[in-house]
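Only one structure is covered here, and it is reproduced in the block below.
Just so it is clear: chains get the letters A, B, ... in the order the sequence lines come, proteins before strands, and each one is counted from 1.
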Amino acid sequence: MTNLTPDLMVILPELVLAGGAMALLMLGVFRKEDSFDLVSSLSLMLLAIAGALVVFGGQTGETAFGGQFTNDTFARFMKAMTLFGSAVTVMMSVTFMKRRQIQRFEYPVLVVLATLGMCMMISAGDLVALYMGLELQSLALYVVAAFNRDSVRSSEAGLKYFVLGALSSGMLLYGASLVYGFSGATQFDAIASVVANGNAGLGLLFGIVFVVAGLAFKVSAVPFHMWTPDVYEGAPTPVTAFFAAAPKVAAMAIFTRVLIEAFPGVTKDWQQIIVFISIASMVLGAFAAIGQNNIKRLMAYSSIGHMGFALVGLAAGTAEGVRGVIIYMAIYMIMTLGTFACILAMRSKDEGQVEDISDLAGLARNDKLMAFVLAMLLFSLAGIPPLAGFFGKFFVFAAAIKEGLVALAVIGVLASVVGAYYYLRIIKIMYLDDPVQEFEQTPREIRLVMALSGIFVLAFALFARPIITAAEAAAASLF
Amino acid sequence: MYHAIVFLPLLGALLAGFGGRVLGAKASAYLTSGFLVLSAVLSWVAFFDVAIGQKPAQTIDVLRWINSGALEANWAFRVDTLTVVMLVVVNTVSSLVHIYSIGYMSHDPHQPRFFSYLSLFTFAMLMLVTADNLLQLFFGWEGVGLASYLLIGFWYKKPSACAAAMKAFIVNRIGDFGFALGIFAAFVVFGTIGFTEIFAKAPEQLGKNFEFLGMQVDILTTICLLLFMGAMGKSAQFMLHTWLPDAMEGPTPVSALIHAATMVTAGVFLVARCSPLFEHSPTALTVVTFVGALTAFFAATVGLVQNDIKRVIAYSTCSQLGYMFAALGLGAYGVAIFHLFTHAFFKALLFLGSGSVIHAMSDEQDMRNMGGLRPHLKMTWLMMLIGTLALTGFPLTAGYFSKDAIIEVAYAGHNAMAPFAFWLLLTAAFMTSFYSWRLMFMTFHGRPRASSEVMSHVHESPMSMMGPLIVLAIGALLAGALFKTNFIGHDEALFWGEALYRLPTNKIVDEFHHVPGWVPIAPFIAMLAGFALSWLMYIRDPSIPGRLAAQHQPLYQFLLNKWYFDEIYDFFLVRPAMWIGRFLWKKGDGWLIDGFGPDGVSARVLDVTNRIVRLQTGFVYHYAFAMLIGVAALVTYFMFGGVH
């Protein structure tokens, strides 16, 4: 037992989450009255404690369980972001769930469990650990997608996600087995040392392709993105916000870790895959979003496009590129949460929650602040300087160009030009069209998220330095 | 003092233009008029100081402007006799027109704007005449062009006014193109654009050639002709005259100020100012004579048959400008400026008088609907009569001294075009008399042809309009007699000082005083003949004009349609230009650039979008299929095409 304690200390945040989630589940089951509010608050606290432990506890670079679990700077940075994203979504969900009459205490617990899976996934140092974290996350997500079980579309969304998720898990597993078969190892550094010896055969490459396919499904990169629009549209809006934020960060983190830590010897090979799916994602995200009328669906394509941009940094395969990915994901997550806060605020006095872009018509005249924040967020998503989104794109493109991937960067810039159209269209509708309806009073916590994200995108340039420094340290820990 | 003369109108323009709403209509009008009167008084002081008192020429620096490489152009006033003569002309007429406009424009809702433009024009004109280098002159030149454009199109809701404004601007562009080339050429050749330096260096370039448009041409002749091209545009000379009659679309005070007394004489001023250059180029002078004489003749013929009261005077202006250029071309610069000086008075008088008529007739301008107005408009009739006498050169009026002097100069002149000019100018004098009296008779005499309703409203204009007329009438009567000795007579050399330059061999001013006895009498005879014929045709037997027109239909139509210049230009220049413009717009920009550029790209984007959106079928097996295809494609790529 004595030799297990240091390992447990390393995974303390995860232990807290796991134990806490069980306890909350018990609490909910055994408490007679409706315990949604209580469990939600406690979940928030749980996520906050885990976040504090991640940020302030333990030493970096520690591994546990014989290298299966890594707690390096990269992991801590990404875990902090993930926990933050989850906490914000839980906070934003409360009012919505109550209004929809689906305020069941299982929801925050499932979010906590999914977050636990993400944290484990981010810290995975081994293909098996990766799979375990990934599946823990996915199972919880399947359920929350279908959380509004009285709604056909919500159920359909959950089911689609589940079926396709199972397929992608299968691919990932198959890829993992190929990698194991051709390298004789499951631990990332062990694989790396084998591949570095020049033993990268076609079989190993096949393994990489399948692993990448499984992970690309999680970040919803083209052509493994097909589930995204349907699930985003069908799931309850706070769940969509959750999908778009924390799991994307976690998946992008493990995506980066696998490729950088396990396959540094064959960078040139996997780079080609990443370039392909990156271009495909950026282009499809830009073009397909133009045709959408539902704002959640539009955000689905928007996030597909943004994953493409983030992958540009990964395609570079350098520390600078990884830094770009980290910064991009941080900015993306906050922009997305802010945008979904605005979407959650779209509650018409007559029709309840609305989701069409045309429902935003004339918003600038009814709610100046919300229209302004949403406009800034959309400008930022489009990547217009000097807002935060511009810097995200700037760092990934700079890294790609430094690695000679000029064509990729040029296509990325062109795609962002096309993509700017649909963001600008929303702004045009908000500011130039005639109002069709007024929205209800927005809950305070959502207004808070809106305000903070608005400040973030507007003032990013002012406090970018510490974020960039932290991202640089995190990126360096992978190499 | 000179600062005040030049900048008071600018101050007035800015105050009325930007503060017009605050000040209100009345205050704007009185403010700008007050500034102009002050400026005019100071101009007369300067005139007596510099021109009569024979103070030497001086340069007053105002501001550094452009200093780039060898190019140095500063704001400075070149004060000599020529400048102060122009100052007097511009500010006197301008102040009178300002005062006249207070009455004339009293019903217009946009008075502050009108007075702001008028003052702006005056400032630009003053900038032009005080310029001490070509660039400052060009600044003023373009400034008056702008003000002219704004004022012609003052009633911008009237399509014909807008068209006329554009026409004036565009036709002037052609002249200004030549002018600008002339300035460039002067800078290339002399390395400077200051008048003093250029004039000092001009003799060095005598007889030298340089390459222009691939040809070896004489330097001075080329520069002079290019500058003259600018002058032709601004002064509405033959070929570039078409804008002037149309410019009558503007309010009548504007026609009096800009299109009779001042702006159109800028070309005359330019040539006179550059006399040290022109004097060295006999070829250029011959061209100037030719164009001037031809314009004088041409415009007079057209004036014979026009029916719009303002158009008759406009063609008369065009014709008189031709006289001035003819005199310039013959080397008699002082005579030309003298005519400019007197012409400003009587032509402004005629325009403002006709404005008074139009005002009385409820904005009727067609003389065929007038007649018999003398009993109702006695004062206006008297003013117009004085103007007509002066214009036709009735003895001892202003025109008698200046215009007849030009005809004598033409007789005494030496260049190849002099005889030609003499006969054309003499004929033009006859025609001038004819059309001027025709105007008088058709307007004020005979039976009233207006409806009784209009006639019942006919009223004499208010004092603010008649006052300026009286001042101008005094000028039209006396300006010639008073200043004759100074401008063209005995004291000529002392008066002009170094402002005008003549070669030692150029003795035209002496010579024209000693022409054969019949020459000075000839214009007088021509004037009487014109009067007699006009009386015969419009008072004695008013049926003659109709019969004549019917008998000589082609000639009549030719004159009525202004020698078909507008039609020719329309066919050869305007329509091809419009066609090219339309082609580049519809095909070049609309079809090619928009079609393959913005519109085409956005249409293709939508096509792509529609296809991609259709991929999203909603069926799980399609989605799964897409994933498998993706993996298969990647695997295949590594099997066959991978770089490893």
Side-chain angles (χ1 to χ4, degrees), chain A residues 156 159-164 166-168 170-171 174-175 200-210 212-214 216-217 221-230 233-234 266 268-273 276-277 280 283-292 297 300-301 414 417-418 421-422, chain B residues 18 21 156-157 159 162 581-644:
Chain A
E156 182 190 330
L159 196 62
K160 271 183 185 166
Y161 190 30
F162 174 66
V163 172
L164 294 171
L167 180 63
S168 80
M171 287 184 183
Y174 182 53
L202 197 58
L204 187 75
L205 283 178
F206 278 21
I208 296 176
V209 167
F210 279 96
V212 165
F217 177 86
V222 178
F224 311 101
H225 68 285
M226 304 289 274
W227 61 276
T228 321
D230 292 8
E233 190 183 355
V266 288
K268 283 280 164 268
D269 292 307
W270 60 254
Q271 194 175 49
Q272 295 170 45
I273 313 174
F276 167 73
I277 60 177
V283 171
L284 184 121
F287 280 92
I290 292 174
Q292 306 308 322
R297 228 177 148 76
Y301 285 108
L414 290 178
V417 171
V418 176
Y421 168 76
Y422 59 82
Chain B
F18 293 107
R21 276 167 211 269
Y156 56 86
K157 285 180 182 151
C162 292
R582 203 171 290 276
F583 175 80
L584 289 177
W585 166 39
K586 295 271 191 197
K587 300 282 173 198
D589 191 53
W591 181 78
L592 186 77
I593 295 176
D594 276 356
F596 288 89
D599 289 353
V601 168
S602 60
R604 293 293 83 71
V605 167
L606 285 181
D607 288 352
V608 173
T609 299
N610 289 334
R611 271 178 213 181
I612 290 182
V613 169
R614 233 177 294 152
L615 287 179
Q616 198 76 25
T617 52
F619 296 117
V620 175
Y621 56 90
H622 283 169
Y623 298 179
F625 186 64
M627 288 168 68
L628 292 173
I629 290 276
V631 171
L634 287 173
V635 167
T636 314
Y637 173 74
F638 276 112
M639 276 172 74
F640 297 107
V643 281
H644 83 125

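Contact of B:Leu606 with chain A is made through the side chain alone, with heavy-atom distances under 4.5 Å. Contacts of B:Val613 with chain A are made by side-chain atoms alone, with heavy-atom separations under 4.5 Å and no backbone atom involved. Both the backbone and the side chain of A:Phe224 come within less than 4.5 Å of a heavy atom in chain B. Of the atoms belonging to A:Tyr421, not a single heavy atom falls under 4.5 Å from chain B.
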request  = Please assess B:Tyr623 against A:Asp230 for the test side chain to side chain contact (heavy atoms under 4.5 Å, CB included), listing each intermediate value before the final yes or no.
outcome  = CA-CA 11 Å; B:Tyr623 298 179; A:Asp230 292 8; 2.4 Å; yes
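Nearest heavy-atom pair across B:Val631 and A:Met171 is CG2-SD, 3.6 Å. Among all heavy-atom pairs drawn from B:Ile612 and A:Ala288, the shortest one is CG2-CB, 3.5 Å. Taking every heavy atom of both residues into account, A:Asp269 and B:Phe638 meet most closely at O-CZ, 3.3 Å.
A heavy-atom distance below 4.5 Å is not found between the side chains of A:Pro223 and B:Met627. Residues A:Phe210 and B:Val635 meet the side-chain proximity criterion, which asks for heavy atoms closer than 4.5 Å. Under the 4.5 Å side-chain criterion, counting only non-hydrogen atoms from C-beta, A:Phe206 is in contact with B:Met639.
Not a single donor-acceptor pair under 3.5 Å links the side chain of A:Lys160 to the backbone N or O of B:Phe619. When atom types are taken as modelled, the side chain of B:Thr609 and the backbone of A:Ile290 share no donor-acceptor pair closer than 3.5 angstrom. In this structure a side-chain-to-backbone donor-acceptor pair under 3.5 Å is missing from B:Gln616 to A:Pro229.
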